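So the structure is just underneath, and the comments pick up after that.
The shown structure was predicted, so the numbers you read here are calculated from the model rather than taken from an experiment.
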Amino acid sequence: MEQWSKETIAAFRKTLLTWYDENKRDLPWRHDHDPYHVWVSEIMLQQTQVNTVIPYYERFMSMFPTINDLAAAKPEQLLKAWEGLGYYSRARNLQRAAREIVNDRHGEWPTTAAGLQELTGIGPYTAGAIASIAFGEPVAAVDGNAFRVFGRLLMIDADITKPATRQLFAETIDRIIDPQRPGDFNQAIMDLGSSYMTVKNPDVEHSPVKMFDRSYETGHVLDYPVKTAKPRPVPVDYVALVIHTPAGYLMTKRPSTGLLANLWTFPLVKVSDLLKDDEQETDLMDVDIVSRAEQAFETETEIPVSLALIGGRAVTHTFTHLKWQIRLVSAELSTVPDISLFAGEIVAESAFDQYPMPVVQQKLWRRWQAASKK
DNA sequence: AAAACGTGGGG
DNA sequence: TCCCCAAGTTT
């Protein structure tokens, strides 16, 4: 990899910050350096694009204007505010950290990256971002942009998917970061990474730092940063049970840990759980799947139902590591059953907006609406 | 160290 | 349709 002299580092800082001063984006969380504002925005921005975050951030700040409001909020209300944003443990960890600060630290923030990283949900990147932006600590904030920008500028050959590589980048950037304006430096790198130095179709020719870009000079821009590919999502078949009663639909609250924790969906049955071991490879008839789903469901709920398959293709929803393929079956009940033994509720359609539901449930609902109107 | 954990956008 | 990705952290 390339090494920069003291003079090159000084020239880079000046070039970068001059460009940033004239071209920085006007984002809602850049109106001040309040650690609460910086923190919430950085948590939302984890693995999430700016344009997606903006409306969530605005709504969140109107609902929870101060860290005290966040600490005091009901978890369901918080989850509702996070609905559709994904990685829902972020919302839970956000409130846990808020309560740590408000209750255990009397509202006093840690002011260093090392101290901030002690808080739940704040890792090395977020700690560096808050410490540099809100508290002026000259410390790197190593996110995907920093990996890409410095990976290209310096042609760093270490694989960024390996945890150990973060340390190499952090040490490298810590030597380059401007100690007078560390927060602006880190944010400038992020703006650069989302404009001239994008993953695809970068425009290095017009980049303000192209004269510092060794990968551009040597024609290897797209070879950096170095990373190994991720595995494909694994397909998993489900049956969704649409149980419609005069009082509303039967909904389940997902377990408090794991995928989509604490969110509400139609009851979902994994098809592989309905099959015997020696049938896993067998291509069973839909009718058989439905009858088995009935049995499995009635065993768990004691609600007598007669399920009918909703035709058409499966609803598919892809997570980072899983691809759900969901077939719908429905039952129309003329009375409201006793579900006291069931981990869920009968929810009126008019009350859906009070329950946090993941995007996959919204897809199931749309499919059910389309099918039931025919 | 490797896997789990969401969603929307772009090519 | 599929693949990769975007301001990562936790276990």
Kindly indicate whether the side chain of [X] and the base of [N] share any N or O donor-acceptor pair separated by less than 3.5 Å?
{"X": "A:Tyr87", "N": "B:dG6", "answer": "yes"}
{"X": "A:Thr126", "N": "C:dG8", "answer": "no"}
{"X": "A:Thr48", "N": "B:dG6", "answer": "yes"}

- Query: If you find the nucleotide of DNA chain B closest to A:Gly86 and the one closest to A:Pro231, which residue's nucleotide is nearer the 5' end?
  - Reply: A:Pro231
- Note on the structure: Assert: residue with more 5' nearest nucleotide on DNA chain B, out of A:Lys162 and A:Pro358, is A:Lys162
- Item | Nearest-Å distance once atom P is located in both B:dG6 and C:dT11 | 13 Å
Can you tell me if the side-chain N/O atoms of [X] get under 4.0 Å from OP1 or OP2 in [N]?
{"X": "A:Gln47", "N": "C:dG8", "result": "yes"}
{"X": "A:His321", "N": "B:dA3", "result": "no"}
{"X": "A:Lys227", "N": "C:dC5", "result": "yes"}
{"X": "A:Arg232", "N": "C:dC3", "result": "yes"}

- Query: Base, sugar-phosphate, or nothing: which does A:Gly193 touch, judged by heavy atoms less than 4.0 Å apart?
  - Reply: nothing
- Using a heavy-atom cut-off of under 4.0 Å over every strand shown, decide if A:Val53 touches base, sugar-phosphate, or nothing. nothing
- Message: Can you confirm whether or not the ring centre of A:Phe169 sits under 6.0 Å from the ring centre of A:Phe147?
- Response: yes
- Task: Decide if the gap between the ring center of A:Trp365 and the ring center of A:Phe352 is smaller than 6.0 angstrom.
- Result: yes
- Proximal nucleotide (of B:dA1, B:dG8, B:dG11) relative to the A:Ala164 side chain: B:dA1
- Item | Given A:Glu205, A:Lys210, A:Arg152, the one that forms side-chain hydrogen bond (donor to acceptor under 3.5 Å, both in side chains) with A:Tyr216 | A:Glu205
- Query: Rounded to the nearest Å, what distance is computed from the CD atom of residue A:Glu118 to the P atom of nucleotide C:dT10?
  - Reply: 11 Å
- Message: Output the rounded distance in Å from CH2 (A:Trp82) to P (B:dT7).
- Response: 13 Å
- Of A:Ala229 and A:Asn93, the one whose nearest nucleotide on DNA chain C sits closer to the 5' end is A:Ala229
- Using 30° and 60° as the class limits, which term best fits the ring planes of A:Phe319 and A:His321: parallel, tilted or perpendicular? tilted
